[in-house]
Amino acid sequence: MDRKRILELTALYRDGLLNDTIPFWRRHSIDRKHGGFFTWLDRDGTLLNSDKPIWIQARATWLFAKLYNSVERKPEWLELAKHGYDFLVSHAFDSDGRMFFLVTRDGRPLRKRRYLFAECFGIMACSEYARASGDERARSRAVDLFKLVLRYHRTPGLLEPKVFPQTRRTKSHAMPMILLAVSQIMREVDDDPIYDKVIDQSLHEILHDFMKPDERALFETIGPNGERLDSPEGRCINPGHAIESAWFIMEEGRRRDDWSLIRQALQILEWSLRIGWDQEHGGLLSFVDVEGKPPDQLEHDMKLWWPHTEALYALLLAHNLTGEKKYEEWYERVHAWSFAHFPDREYGEWFGYLHRDGSLSLRLKGNLWKGPFHLPRAQLQCWKLLENMG
(Lines give C-alpha, C1' and ligand atoms only; values in the text may rest on other atoms or scores of the structure.)
Protein backbone atom coordinates (compact mmCIF):
# COMPACT_ATOMS: atom_id res chain seq x y z
CA MET A 1 0.00 0.00 0.00
CA ASP A 2 1.55 3.30 -1.03
CA ARG A 3 2.11 6.15 1.38
CA LYS A 4 -0.56 8.39 -0.16
CA ARG A 5 -3.24 5.73 0.37
CA ILE A 6 -2.05 5.05 3.92
CA LEU A 7 -2.33 8.74 4.82
CA GLU A 8 -5.74 8.98 3.17
CA LEU A 9 -7.08 5.98 5.09
CA THR A 10 -5.50 7.13 8.35
CA ALA A 11 -7.45 10.38 8.12
CA LEU A 12 -10.63 8.56 7.09
CA TYR A 13 -10.65 6.28 10.12
CA ARG A 14 -9.42 8.91 12.59
CA ASP A 15 -11.94 11.51 11.48
CA GLY A 16 -14.71 8.95 11.16
CA LEU A 17 -14.17 7.88 14.74
CA LEU A 18 -13.61 11.27 16.38
CA ASN A 19 -15.88 13.48 14.26
CA ASP A 20 -18.72 11.13 13.36
CA THR A 21 -19.14 7.89 15.32
CA ILE A 22 -18.25 9.09 18.83
CA PRO A 23 -20.20 12.38 18.52
CA PHE A 24 -23.31 10.45 17.40
CA TRP A 25 -23.30 8.26 20.50
CA ARG A 26 -22.26 11.08 22.79
CA ARG A 27 -25.18 13.22 21.57
CA HIS A 28 -27.87 10.56 21.66
CA SER A 29 -27.03 7.68 23.98
CA ILE A 30 -26.10 9.10 27.39
CA ASP A 31 -28.82 8.76 30.02
CA ARG A 32 -28.06 11.53 32.49
CA LYS A 33 -31.09 10.74 34.64
CA HIS A 34 -30.65 7.02 35.37
CA GLY A 35 -27.12 6.32 34.19
CA GLY A 36 -25.83 4.09 31.46
CA PHE A 37 -26.44 4.41 27.74
CA PHE A 38 -29.46 4.29 25.46
CA THR A 39 -28.95 1.96 22.52
CA TRP A 40 -32.31 1.66 20.71
CA LEU A 41 -31.82 4.66 18.44
CA ASP A 42 -33.48 5.61 15.17
CA ARG A 43 -31.49 6.89 12.23
CA ASP A 44 -31.38 10.45 13.59
CA GLY A 45 -30.77 9.38 17.18
CA THR A 46 -34.40 9.47 18.27
CA LEU A 47 -34.97 7.09 21.18
CA LEU A 48 -37.03 4.03 20.22
CA ASN A 49 -36.86 2.07 23.48
CA SER A 50 -35.31 2.95 26.83
CA ASP A 51 -34.46 -0.62 27.95
CA LYS A 52 -30.74 -1.25 28.31
CA PRO A 53 -28.87 -4.33 27.07
CA ILE A 54 -26.11 -4.99 29.58
CA TRP A 55 -23.58 -6.24 27.08
CA ILE A 56 -23.91 -2.95 25.18
CA GLN A 57 -23.58 -0.96 28.42
CA ALA A 58 -20.33 -2.84 28.93
CA ARG A 59 -19.18 -2.31 25.35
CA ALA A 60 -19.79 1.44 25.58
CA THR A 61 -17.96 1.60 28.90
CA TRP A 62 -15.03 -0.28 27.36
CA LEU A 63 -15.00 2.08 24.36
CA PHE A 64 -14.78 5.33 26.32
CA ALA A 65 -12.12 3.88 28.62
CA LYS A 66 -10.21 2.62 25.58
CA LEU A 67 -10.32 6.05 23.96
CA TYR A 68 -8.96 7.55 27.17
CA ASN A 69 -6.20 4.95 27.35
CA SER A 70 -5.26 4.87 23.66
CA VAL A 71 -6.08 8.22 22.05
CA GLU A 72 -6.10 11.08 24.54
CA ARG A 73 -6.59 11.40 28.28
CA LYS A 74 -9.68 13.56 27.87
CA PRO A 75 -11.60 14.01 31.14
CA GLU A 76 -14.90 13.64 29.27
CA TRP A 77 -14.00 10.15 28.06
CA LEU A 78 -13.01 9.05 31.54
CA GLU A 79 -16.23 10.54 32.93
CA LEU A 80 -18.30 8.61 30.37
CA ALA A 81 -16.43 5.39 31.14
CA LYS A 82 -17.22 5.93 34.84
CA HIS A 83 -20.82 6.74 33.92
CA GLY A 84 -21.15 3.31 32.30
CA TYR A 85 -19.13 1.48 34.93
CA ASP A 86 -21.27 2.88 37.76
CA PHE A 87 -24.46 1.74 36.03
CA LEU A 88 -23.03 -1.76 35.58
CA VAL A 89 -21.99 -2.00 39.23
CA SER A 90 -25.37 -0.75 40.43
CA HIS A 91 -27.69 -2.68 38.13
CA ALA A 92 -26.02 -5.37 36.01
CA PHE A 93 -25.19 -8.06 38.56
CA ASP A 94 -27.53 -10.76 39.90
CA SER A 95 -27.13 -12.26 43.38
CA ASP A 96 -25.17 -15.23 41.96
CA GLY A 97 -22.49 -12.94 40.52
CA ARG A 98 -23.66 -13.36 36.95
CA MET A 99 -24.93 -10.44 34.87
CA PHE A 100 -28.36 -9.75 33.50
CA PHE A 101 -28.76 -9.43 29.74
CA LEU A 102 -31.44 -6.74 29.67
CA VAL A 103 -32.68 -4.24 32.25
CA THR A 104 -35.15 -1.35 32.28
CA ARG A 105 -34.03 2.24 31.93
CA ASP A 106 -33.72 2.55 35.71
CA GLY A 107 -31.90 -0.78 36.02
CA ARG A 108 -34.59 -3.30 37.00
CA PRO A 109 -33.86 -6.77 35.57
CA LEU A 110 -35.84 -7.96 32.56
CA ARG A 111 -33.89 -10.88 31.12
CA LYS A 112 -31.00 -13.17 31.92
CA ARG A 113 -29.56 -15.52 29.27
CA ARG A 114 -27.95 -18.93 29.49
CA TYR A 115 -24.92 -17.52 27.67
CA LEU A 116 -21.89 -15.77 29.18
CA PHE A 117 -21.40 -12.94 26.72
CA ALA A 118 -22.71 -10.18 28.99
CA GLU A 119 -20.16 -11.30 31.57
CA CYS A 120 -17.35 -11.40 29.02
CA PHE A 121 -18.02 -7.83 27.93
CA GLY A 122 -18.38 -6.92 31.59
CA ILE A 123 -14.82 -8.16 32.09
CA MET A 124 -13.64 -5.99 29.20
CA ALA A 125 -15.42 -2.95 30.61
CA CYS A 126 -14.11 -3.36 34.15
CA SER A 127 -10.53 -4.06 33.08
CA GLU A 128 -10.30 -1.17 30.62
CA TYR A 129 -11.92 1.19 33.13
CA ALA A 130 -9.43 0.01 35.76
CA ARG A 131 -6.57 0.88 33.41
CA ALA A 132 -8.04 4.33 32.78
CA SER A 133 -8.97 5.20 36.36
CA GLY A 134 -6.54 3.23 38.47
CA ASP A 135 -9.56 1.94 40.41
CA GLU A 136 -8.41 -1.26 42.14
CA ARG A 137 -12.01 -2.30 42.80
CA ALA A 138 -12.69 -2.31 39.06
CA ARG A 139 -9.62 -4.44 38.41
CA SER A 140 -10.63 -6.89 41.17
CA ARG A 141 -14.14 -7.04 39.78
CA ALA A 142 -12.74 -7.93 36.34
CA VAL A 143 -10.57 -10.67 37.85
CA ASP A 144 -13.46 -12.12 39.86
CA LEU A 145 -15.79 -12.01 36.88
CA PHE A 146 -13.20 -13.77 34.71
CA LYS A 147 -12.95 -16.58 37.27
CA LEU A 148 -16.74 -16.82 37.42
CA VAL A 149 -16.98 -17.12 33.63
CA LEU A 150 -14.40 -19.90 33.61
CA ARG A 151 -16.25 -21.76 36.38
CA TYR A 152 -19.59 -21.59 34.58
CA HIS A 153 -18.04 -22.46 31.24
CA ARG A 154 -16.08 -25.43 32.54
CA THR A 155 -18.63 -26.91 34.97
CA PRO A 156 -21.25 -29.06 33.22
CA GLY A 157 -24.77 -28.33 34.37
CA LEU A 158 -24.17 -24.87 35.87
CA LEU A 159 -25.71 -23.27 32.77
CA GLU A 160 -28.95 -24.61 31.36
CA PRO A 161 -28.09 -26.31 28.06
CA LYS A 162 -29.70 -25.18 24.83
CA VAL A 163 -30.40 -28.76 23.74
CA PHE A 164 -30.51 -32.01 25.69
CA PRO A 165 -26.84 -33.06 25.99
CA GLN A 166 -27.95 -36.66 26.52
CA THR A 167 -29.23 -36.58 22.92
CA ARG A 168 -26.71 -34.35 21.20
CA ARG A 169 -23.66 -32.60 22.61
CA THR A 170 -22.31 -29.61 20.78
CA LYS A 171 -19.91 -26.75 21.37
CA SER A 172 -19.80 -23.30 19.86
CA HIS A 173 -16.86 -21.43 18.37
CA ALA A 174 -18.14 -18.27 20.10
CA MET A 175 -16.83 -19.30 23.53
CA PRO A 176 -13.16 -20.01 22.72
CA MET A 177 -13.23 -16.94 20.47
CA ILE A 178 -14.47 -14.58 23.20
CA LEU A 179 -12.29 -16.20 25.88
CA LEU A 180 -9.26 -15.62 23.65
CA ALA A 181 -10.12 -11.94 23.27
CA VAL A 182 -10.99 -11.38 26.93
CA SER A 183 -7.84 -13.13 28.14
CA GLN A 184 -5.71 -10.95 25.85
CA ILE A 185 -7.28 -7.89 27.48
CA MET A 186 -7.03 -9.20 31.06
CA ARG A 187 -3.35 -9.96 30.57
CA GLU A 188 -2.79 -6.19 30.44
CA VAL A 189 -4.18 -5.53 33.93
CA ASP A 190 -3.32 -8.69 35.88
CA ASP A 191 -0.23 -10.92 35.92
CA ASP A 192 -1.97 -14.21 36.75
CA PRO A 193 -0.62 -16.94 34.38
CA ILE A 194 -4.21 -18.18 33.93
CA TYR A 195 -4.72 -15.77 31.02
CA ASP A 196 -1.93 -17.24 28.92
CA LYS A 197 -3.23 -20.72 29.76
CA VAL A 198 -6.74 -19.82 28.60
CA ILE A 199 -5.30 -18.23 25.47
CA ASP A 200 -3.37 -21.42 24.69
CA GLN A 201 -6.46 -23.56 25.34
CA SER A 202 -8.64 -21.33 23.17
CA LEU A 203 -6.13 -21.33 20.34
CA HIS A 204 -5.87 -25.11 20.47
CA GLU A 205 -9.65 -25.50 20.41
CA ILE A 206 -10.18 -23.09 17.53
CA LEU A 207 -7.30 -24.39 15.40
CA HIS A 208 -7.72 -28.12 16.07
CA ASP A 209 -11.48 -28.54 16.52
CA PHE A 210 -13.30 -25.77 14.66
CA MET A 211 -10.79 -25.26 11.86
CA LYS A 212 -11.24 -27.94 9.17
CA PRO A 213 -8.45 -27.74 6.54
CA ASP A 214 -10.02 -30.50 4.45
CA GLU A 215 -13.13 -28.36 4.00
CA ARG A 216 -11.26 -25.04 4.04
CA ALA A 217 -13.57 -23.56 6.65
CA LEU A 218 -13.85 -22.61 10.29
CA PHE A 219 -17.14 -23.99 11.61
CA GLU A 220 -19.41 -22.28 14.12
CA THR A 221 -20.78 -25.42 15.82
CA ILE A 222 -19.20 -28.86 16.19
CA GLY A 223 -19.39 -31.94 18.37
CA PRO A 224 -17.62 -31.99 21.76
CA ASN A 225 -14.47 -33.55 20.30
CA GLY A 226 -14.46 -31.59 17.06
CA GLU A 227 -16.84 -33.87 15.20
CA ARG A 228 -18.51 -32.47 12.10
CA LEU A 229 -22.29 -32.44 12.56
CA ASP A 230 -24.54 -33.29 9.62
CA SER A 231 -27.24 -30.74 10.34
CA PRO A 232 -27.94 -27.12 9.35
CA GLU A 233 -26.28 -26.04 12.60
CA GLY A 234 -23.27 -28.25 11.93
CA ARG A 235 -22.86 -27.01 8.35
CA CYS A 236 -23.12 -23.34 9.34
CA ILE A 237 -20.29 -20.92 8.61
CA ASN A 238 -20.47 -17.50 10.25
CA PRO A 239 -18.02 -15.46 8.15
CA GLY A 240 -17.99 -12.52 10.58
CA HIS A 241 -17.10 -14.63 13.61
CA ALA A 242 -14.47 -16.55 11.68
CA ILE A 243 -12.84 -13.34 10.43
CA GLU A 244 -12.92 -11.86 13.95
CA SER A 245 -11.23 -14.98 15.30
CA ALA A 246 -8.63 -14.71 12.56
CA TRP A 247 -7.45 -11.29 13.66
CA PHE A 248 -7.49 -12.26 17.35
CA ILE A 249 -5.13 -15.09 16.39
CA MET A 250 -3.02 -12.83 14.18
CA GLU A 251 -2.60 -10.43 17.10
CA GLU A 252 -1.46 -13.27 19.33
CA GLY A 253 0.96 -14.45 16.66
CA ARG A 254 2.30 -10.92 16.31
CA ARG A 255 2.82 -10.66 20.07
CA ARG A 256 4.65 -13.99 20.18
CA ASP A 257 6.41 -13.55 16.83
CA ASP A 258 4.88 -16.93 15.97
CA TRP A 259 4.42 -17.26 12.23
CA SER A 260 2.79 -20.65 12.57
CA LEU A 261 -0.11 -18.96 14.34
CA ILE A 262 -0.22 -16.11 11.86
CA ARG A 263 -0.29 -18.46 8.86
CA GLN A 264 -3.20 -20.43 10.32
CA ALA A 265 -5.07 -17.19 10.99
CA LEU A 266 -4.45 -16.08 7.41
CA GLN A 267 -5.90 -19.36 6.17
CA ILE A 268 -9.05 -18.79 8.22
CA LEU A 269 -9.30 -15.25 6.87
CA GLU A 270 -8.95 -16.34 3.25
CA TRP A 271 -11.37 -19.24 3.59
CA SER A 272 -13.97 -17.06 5.29
CA LEU A 273 -13.77 -14.38 2.61
CA ARG A 274 -14.07 -17.00 -0.13
CA ILE A 275 -17.10 -18.57 1.54
CA GLY A 276 -18.76 -15.38 2.74
CA TRP A 277 -18.30 -12.95 -0.13
CA ASP A 278 -21.43 -12.51 -2.24
CA GLN A 279 -20.26 -12.92 -5.83
CA GLU A 280 -23.49 -11.49 -7.22
CA HIS A 281 -24.04 -8.36 -5.13
CA GLY A 282 -20.82 -7.94 -3.17
CA GLY A 283 -20.52 -7.71 0.59
CA LEU A 284 -20.32 -10.44 3.21
CA LEU A 285 -23.23 -12.80 3.78
CA SER A 286 -24.31 -13.34 7.38
CA PHE A 287 -24.45 -17.15 7.30
CA VAL A 288 -23.49 -19.75 4.72
CA ASP A 289 -24.10 -23.50 4.53
CA VAL A 290 -20.71 -25.03 3.74
CA GLU A 291 -22.33 -27.60 1.42
CA GLY A 292 -24.41 -25.03 -0.42
CA LYS A 293 -27.68 -26.18 1.13
CA PRO A 294 -30.30 -23.68 2.35
CA PRO A 295 -29.14 -22.14 5.65
CA ASP A 296 -31.36 -22.30 8.72
CA GLN A 297 -31.16 -18.57 9.47
CA LEU A 298 -33.79 -16.48 7.70
CA GLU A 299 -31.40 -13.51 7.72
CA HIS A 300 -28.59 -15.54 6.12
CA ASP A 301 -28.25 -13.32 3.03
CA MET A 302 -28.48 -9.96 4.80
CA LYS A 303 -25.44 -7.71 4.93
CA LEU A 304 -24.66 -6.62 8.51
CA TRP A 305 -22.27 -3.87 9.51
CA TRP A 306 -20.10 -5.81 11.95
CA PRO A 307 -18.61 -8.56 9.73
CA HIS A 308 -17.46 -5.82 7.37
CA THR A 309 -15.78 -3.81 10.13
CA GLU A 310 -14.01 -6.96 11.35
CA ALA A 311 -12.85 -7.74 7.82
CA LEU A 312 -11.49 -4.23 7.28
CA TYR A 313 -9.17 -4.51 10.27
CA ALA A 314 -8.29 -8.17 9.67
CA LEU A 315 -7.25 -7.44 6.08
CA LEU A 316 -5.21 -4.36 6.98
CA LEU A 317 -3.46 -6.38 9.66
CA ALA A 318 -2.83 -9.26 7.25
CA HIS A 319 -1.36 -6.88 4.67
CA ASN A 320 0.76 -5.16 7.30
CA LEU A 321 2.15 -8.45 8.62
CA THR A 322 2.86 -10.05 5.25
CA GLY A 323 3.16 -7.23 2.73
CA GLU A 324 1.21 -9.43 0.32
CA LYS A 325 -0.74 -7.67 -2.41
CA LYS A 326 -3.70 -10.05 -2.24
CA TYR A 327 -4.67 -8.78 1.21
CA GLU A 328 -4.47 -5.18 0.03
CA GLU A 329 -6.72 -6.06 -2.93
CA TRP A 330 -9.21 -7.82 -0.67
CA TYR A 331 -9.10 -4.87 1.72
CA GLU A 332 -9.94 -2.43 -1.08
CA ARG A 333 -12.82 -4.65 -2.22
CA VAL A 334 -14.35 -4.82 1.26
CA HIS A 335 -13.63 -1.13 1.85
CA ALA A 336 -15.31 -0.01 -1.37
CA TRP A 337 -18.47 -2.04 -0.70
CA SER A 338 -18.68 -1.08 2.97
CA PHE A 339 -18.20 2.65 2.51
CA ALA A 340 -20.62 2.70 -0.43
CA HIS A 341 -23.46 1.14 1.57
CA PHE A 342 -23.21 1.48 5.37
CA PRO A 343 -22.37 5.11 6.25
CA ASP A 344 -25.30 7.48 6.81
CA ARG A 345 -24.19 10.67 5.06
CA GLU A 346 -26.99 12.73 6.59
CA TYR A 347 -27.14 11.77 10.28
CA GLY A 348 -23.81 10.07 10.84
CA GLU A 349 -22.72 6.63 12.08
CA TRP A 350 -23.43 3.50 10.03
CA PHE A 351 -26.58 1.67 9.21
CA GLY A 352 -26.46 -1.87 10.55
CA TYR A 353 -28.84 -3.93 8.44
CA LEU A 354 -28.99 -4.15 4.67
CA HIS A 355 -30.73 -6.44 2.22
CA ARG A 356 -28.61 -8.72 0.07
CA ASP A 357 -28.40 -6.15 -2.74
CA GLY A 358 -27.12 -3.50 -0.35
CA SER A 359 -30.39 -1.60 -0.04
CA LEU A 360 -31.48 -0.48 3.41
CA SER A 361 -33.41 -2.97 5.51
CA LEU A 362 -33.58 -1.12 8.85
CA ARG A 363 -32.80 2.57 9.31
CA LEU A 364 -32.01 2.30 13.03
CA LYS A 365 -28.51 2.89 14.42
CA GLY A 366 -28.81 0.78 17.54
CA ASN A 367 -30.91 -1.95 19.14
CA LEU A 368 -30.46 -5.01 21.34
CA TRP A 369 -27.42 -6.04 19.26
CA LYS A 370 -25.97 -2.92 17.65
CA GLY A 371 -24.27 -0.26 19.73
CA PRO A 372 -21.00 1.67 19.96
CA PHE A 373 -18.56 -1.19 19.57
CA HIS A 374 -17.70 -2.94 16.29
CA LEU A 375 -17.53 0.21 14.17
CA PRO A 376 -15.59 2.45 16.60
CA ARG A 377 -13.30 -0.42 17.59
CA ALA A 378 -12.43 -1.03 13.93
CA GLN A 379 -11.98 2.68 13.25
CA LEU A 380 -9.62 2.99 16.21
CA GLN A 381 -7.64 -0.13 15.31
CA CYS A 382 -7.37 0.71 11.61
CA TRP A 383 -6.31 4.27 12.42
CA LYS A 384 -3.55 3.20 14.79
CA LEU A 385 -2.32 0.39 12.53
CA LEU A 386 -2.17 2.71 9.52
CA GLU A 387 -0.24 5.28 11.54
CA ASN A 388 2.38 2.62 12.20
CA MET A 389 2.36 1.58 8.54
CA GLY A 390 2.94 5.18 7.47
Side-chain angles (χ1 to χ4, degrees), residues 21-41 45-69 74-113 115-146 148-149 178 182 185-186 189 349 364-377:
T21 305
I22 297 303
F24 179 90
W25 291 99
R26 188 168 51 78
R27 280 195 304 270
H28 302 299
S29 73
I30 303 165
D31 185 353
R32 294 295 183 185
K33 182 176 181 181
H34 292 286
F37 304 95
F38 297 122
T39 181
W40 265 280
L41 302 177
T46 300
L47 186 64
L48 300 173
N49 178 17
S50 64
D51 293 339
K52 293 171 179 171
I54 290 300
W55 70 333
I56 295 185
Q57 304 302 305
R59 287 173 164 190
T61 300
W62 172 87
L63 173 63
F64 286 112
K66 184 69 173 178
L67 291 172
Y68 183 84
N69 290 328
K74 291 177 64 172
E76 181 193 19
W77 286 342
L78 182 59
E79 184 273 325
L80 288 173
K82 185 178 188 302
H83 179 82
Y85 175 76
D86 288 346
F87 186 85
L88 290 171
V89 171
S90 298
H91 302 294
F93 289 89
D94 200 355
S95 57
D96 61 0
R98 288 199 58 214
M99 300 178 82
F100 299 112
F101 182 69
L102 184 66
V103 300
T104 61
R105 177 181 179 181
D106 58 359
R108 289 171 292 141
L110 285 171
R111 184 178 171 193
K112 187 175 175 182
R113 299 183 85 200
Y115 306 113
L116 295 165
F117 302 121
E119 290 82 359
C120 286
F121 287 103
I123 295 166
M124 290 173 58
C126 293
S127 60
E128 199 67 35
Y129 176 69
R131 287 184 64 204
S133 64
D135 188 333
E136 177 59 26
R137 292 171 299 176
R139 193 194 70 83
S140 295
R141 186 168 274 115
V143 171
D144 292 343
L145 196 51
F146 185 90
L148 180 141
V149 164
I178 194 67
V182 168
I185 291 169
M186 282 299 299
V189 298
E349 238 273 356
L364 54 75
K365 297 292 173 57
N367 54 14
L368 184 61
W369 314 105
K370 185 178 187 295
F373 183 66
H374 286 283
L375 174 60
R377 180 176 71 171

Could you check Y85 against R141 for side-chain hydrogen bond (donor to acceptor under 3.5 Å, both in side chains), going step by step and ending with a plain yes or no? CA-CA 11 Å; Y85 175 76; R141 186 168 274 115; 2.6 Å; yes
Stepwise side-chain contact (heavy atoms from CB on, under 4.5 Å) test for W369 and I56: CA-CA 8 Å; W369 314 105; I56 295 185; 5.7 Å; no
Give the C-alpha distance, both sets of side-chain angles, the deciding distance and a yes or no for side-chain contact (heavy atoms from CB on, under 4.5 Å) between L368 and L102. CA-CA 9 Å; L368 184 61; L102 184 66; 4.0 Å; yes
Between R26 and E349, is the salt bridge (charged side-chain N to carboxylate O under 4.0 Å, His left out) condition met? List the steps. CA-CA 12 Å; R26 188 168 51 78; E349 238 273 356; over 6 Å; no
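Using modelled atom types, one finds no donor on one side chain facing an acceptor on the other under 3.5 Å when comparing T61 with Q57.
In summary, of the residues considered (M124, M99, M186), a side chain to side chain contact (heavy atoms under 4.5 Å, CB included) with L145 occurs for M99 alone.
The neighbour count for R27 CZ, taken as heavy atoms of other residues, nucleotides or ligands under 6.0 Å away, is above 12.
With sequence neighbours excluded, no residue satisfies salt bridge (charged side-chain N to carboxylate O under 4.0 Å, His left out) with D144. Take F37 and apply the ring pair (Phe, Tyr, Trp, His ring centres under 6.0 Å) test, not counting sequence neighbours, and it matches F64, H83. Under the salt bridge (charged side-chain N to carboxylate O under 4.0 Å, His left out) criterion, K82 pairs with D86, not counting sequence neighbours. Not counting sequence neighbours, W25 has no partner by the ring pair (Phe, Tyr, Trp, His ring centres under 6.0 Å) test. Under the rule for a ring pair (Phe, Tyr, Trp, His ring centres under 6.0 Å), F93 has no partner lying at least two apart in sequence or in another chain. Under the side-chain contact (heavy atoms from CB on, under 4.5 Å) criterion, L48 pairs with W40, D42, L364, not counting sequence neighbours. Partners of S50 according to the side-chain contact (heavy atoms from CB on, under 4.5 Å) rule, which considers only residues two or more places apart in sequence or in another chain, are F38, L47, R105. Under the side-chain contact (heavy atoms from CB on, under 4.5 Å) criterion, K74 pairs with E72, E76, W77, sequence neighbours left out. In this structure, the side-chain contact (heavy atoms from CB on, under 4.5 Å) partners of D94, at least two apart in sequence or on a different chain, are D96, F100, K112. For the salt bridge (charged side-chain N to carboxylate O under 4.0 Å, His left out) test, no residue two or more places apart in sequence or in another chain qualifies with D51. In terms of the salt bridge (charged side-chain N to carboxylate O under 4.0 Å, His left out) criterion, residue partners of R377 (sequence neighbours excluded) are, by chain and number, E244, E310.
Here the shortest heavy-atom pairing between L41 and S29 reads CD1-CB, 4.4 Å. Considering all non-hydrogen atoms of both residues, L63 and P372 come closest at CD2-O, 3.5 Å. The nearest pair of heavy atoms linking A132 to L78 is CB-CD1, 3.8 Å. Annotation for I123 and V182: closest pair CG2-CG1, 3.5 Å, computed over non-hydrogen atoms. Smallest separation of non-hydrogen atoms from G122 and A58: N-CB, 3.8 Å.
Atom CD1 of I178 sits about 15.0 Å away from atom OH of Y115, to the nearest 0.5 Å. For the atom pair L88 CG and K52 NZ, the distance stands at 10.5 Å (nearest 0.5 Å). A distance of 12.5 Å separates CG of D31 from OG1 of T39, quoted to the nearest 0.5 Å. Here the NZ atom belonging to K66 is positioned 15.5 Å from the CZ atom belonging to R59, to the nearest 0.5 angstrom. Atom CG of L375 sits about 6.5 Å away from atom NZ of K370, to the nearest 0.5 Å.
Pairs passing the side-chain hydrogen bond (donor to acceptor under 3.5 Å, both in side chains) check and including a residue from residues 123-134, sequence neighbours excluded, read N69-E128, E128-R131.
Between W55 and F373, a ring centre-to-centre spacing not shorter than 6.0 Å is recorded.
Between V103 and I54 the shortest side-chain heavy-atom distance falls below 4.5 Å. With a 4.5 Å cut-off on side-chain heavy atoms, R108 and H91 do not count as touching.
Residues D135 and R137 are paired through a salt bridge, judged by an N-O separation under 4.0 Å between the basic side chain and the carboxylate.
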